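Only one structure is covered here, and it is reproduced in the block below.
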Amino acid sequence: MTIWWLLPALAGVSLILTGALRRYALARSLMDIPNGRSSHSVPTPRGGGVAIVLSFLVALPLLASIGVLAWPVMWALLGAGGWIALVGFLDDHGHIAARWRLLAHFIGAGWALGWLGGSPPLVIFGFELELGWLGYALAAFYLVWLLNLYNFMDGIDGIASVEAICVCLGGSLLYLLLGESAAALAPLFLAVAVGGFLFWNFPPARIFMGDAGSGFLGIALGVLSLQAAWVAPQLLWSWLILLGVFIVDATWTLFRRLLRGDKVYEAHRSHAYQYASRQFGKHLPVTLAVAALNLFWLLPIALWVGLGGVDGALGLLVAYLPLAWLAVRFKAGEREQVRS
């Protein structure tokens, strides 16, 4: 009962703290000013994602102390998440060169993998692969890519918050159906922390997440997905499916920009979701469409894989094909017309 009472308390802390951060940003003129690379048209306070970071990180030791979260997982999330959020916070308030940000990201990924025990076994079409040091390297690149793509995809009101909530609730449901109720609590708590922030970030947003929040969510979701694979190997595929909207859009866009020779670290607005928001003339339909894709397409396939109904690699292919079509349909990665 103590655990369940913590959920509304956590949501309340996140909601109140986001409001306080908004007032602080307005007082200090910490505003996101629209420019030719923006998807918004009104100056908006930024940095509200710090509320997600603080409320969730404070909850982690509580979960570990009552035995529902393993201490190594707690330290992986606390250390890597806090570090990535700090780097993002400093970048939000100044500027850190891309190469130093990338180095910091790999340091955070290394910390997380050290506490998790490395990369879990990979099961493909019934064959279990122990990848050893190659697995460490692949897992590190996976975590760094996930935290960066989350930053790339945090470009319209509510989209990053809705994605995180849907993924975390899907992951928690998988744990519950597999009888791993204790493991379900960490992603559930993260979903609740994001929910408090979403009150302020839902279209039209009154505050933006900022790099501190988006990078934190990316690394946290990555760590939770690797932890899930240690619980049951097929769950890694399920989490990759749940993250499909962001993974496909960001990866397809990056690939096309690389082929074109663009500087991929520079700001742009050529993701499929950004083209879609301009086509519809507002953010809300796109954010709601992301929620619908997660709930009515990706979640059923993730459950199918997680409960052993189909091989993970095949389920991933089925899940991603329509998302790839949507990426092409909405011109992901095409050179955009920059506003003057």
Side-chain angles (χ1 to χ4, degrees), residues 13-35 37-58 77 80-98 100-102 104-105 108 144 146-165 167-168 190-191 193-222 246 250 265-269 271 273-274 277 283 287 290:
V13 168
S14 178
L15 186 148
I16 293 169
L17 187 54
T18 305
L21 287 167
R22 183 174 183 272
R23 289 193 294 273
Y24 170 81
L26 289 169
R28 297 298 182 92
S29 298
L30 299 175
M31 307 292 287
D32 199 319
I33 307 299
N35 56 45
R37 303 294 186 182
S38 301
S39 294
H40 64 287
S41 57
V42 178
T44 305
R46 66 175 186 264
V50 172
I52 301 171
V53 177
L54 294 178
S55 55
F56 182 64
L57 292 186
V58 167
L77 287 166
W83 170 251
I84 295 301
L86 175 61
V87 172
F89 179 83
L90 294 174
D91 196 45
D92 280 337
H93 287 73
H95 177 68
I96 301 175
W100 298 118
R101 289 201 308 271
L102 189 62
H105 294 167
V144 171
L146 198 58
L147 76 90
N148 278 282
L149 77 81
Y150 222 90
N151 178 266
F152 300 155
M153 295 293 291
D154 179 31
I156 63 172
D157 299 352
I159 191 172
S161 304
V162 165
E163 175 76 359
I165 291 170
V167 171
C168 287
L190 182 55
V194 177
F197 168 79
L198 180 59
F199 174 83
W200 298 94
N201 186 237
F202 196 77
R206 288 166 283 175
I207 189 169
F208 292 157
M209 188 177 291
D211 288 354
S214 60
F216 171 79
L217 284 179
I219 193 76
L221 292 171
F246 273 28
Y265 54 84
E266 289 185 346
H268 65 96
R269 55 191 196 119
H271 288 281
Y273 78 89
Q274 291 169 319
S277 69
H283 296 181
T287 299
V290 168

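Below, all heavy atoms of this structure are taken into account, side chains as well, without hydrogens, waters or symmetry copies. Remember, it's a predicted structure, so these values are computed and weren't measured experimentally.
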Ignoring hydrogens and angles, write down the donor-acceptor pairs under 3.5 Å from the side chains of residues 211-220, residues two or more places apart or on other chains.
| unit_1 | atom_1 | unit_2 | atom_2 | d |
| --- | --- | --- | --- | --- |
| Asp211 | OD1 | Asn151 | ND2 | 2.5 |
| Ser214 | OG | Asn151 | ND2 | 3.3 |
| Ser214 | OG | Gly210 | O | 3.3 |

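Minimum heavy-atom separation, Gly108 to Ile84: CA-CD1, 4.5 Å. What you find for Leu90 and Ile96 is that their closest heavy atoms are CB-CD1, 3.9 Å. Heavy atoms only, all atoms of each residue included: Ile52 and Ala193 are closest at CG1-O, 4.0 Å. Heavy-atom minimum distance, Leu198 versus Ser161: CD1-CB, 3.6 Å. Heavy atoms only, all atoms of each residue included: Val13 and Ser55 are closest at CG1-CB, 4.1 Å.
Asp154 pairs by the side-chain hydrogen bond (donor to acceptor under 3.5 Å, both in side chains) definition with nothing, not counting sequence neighbours. Judged as a side chain to side chain contact (heavy atoms under 4.5 Å, CB included), and not counting sequence neighbours, the contacts of Ala98 are Arg101, Tyr265. Every residue two or more places apart in sequence or in another chain was checked for a ring pair (Phe, Tyr, Trp, His ring centres under 6.0 Å) with His105, and none qualifies. In this structure Phe246 satisfies the ring pair (Phe, Tyr, Trp, His ring centres under 6.0 Å) test together with Tyr150, sequence neighbours excluded. Shown here are the salt bridge (Lys or Arg N to Asp or Glu O under 4.0 Å) partners of Arg22, two or more places apart in sequence or in another chain: there are none.
The main-chain N or O of Asp157 is found under 3.5 Å from a side-chain atom of Thr287 such that the two form a donor-acceptor pair.
Here CG of Leu26 is found 9.5 Å from OG1 of Thr44. Values are rounded to the nearest 0.5 Å.
Atom CH2 of Trp83 is surrounded by 12 or fewer heavy atoms from other residues, nucleotides or ligands within 6.0 Å.
Ring geometry for His271 against Tyr273 counts as parallel: the plane angle stays under 30°, on a 0 to 90° scale with 60° as the upper cut.
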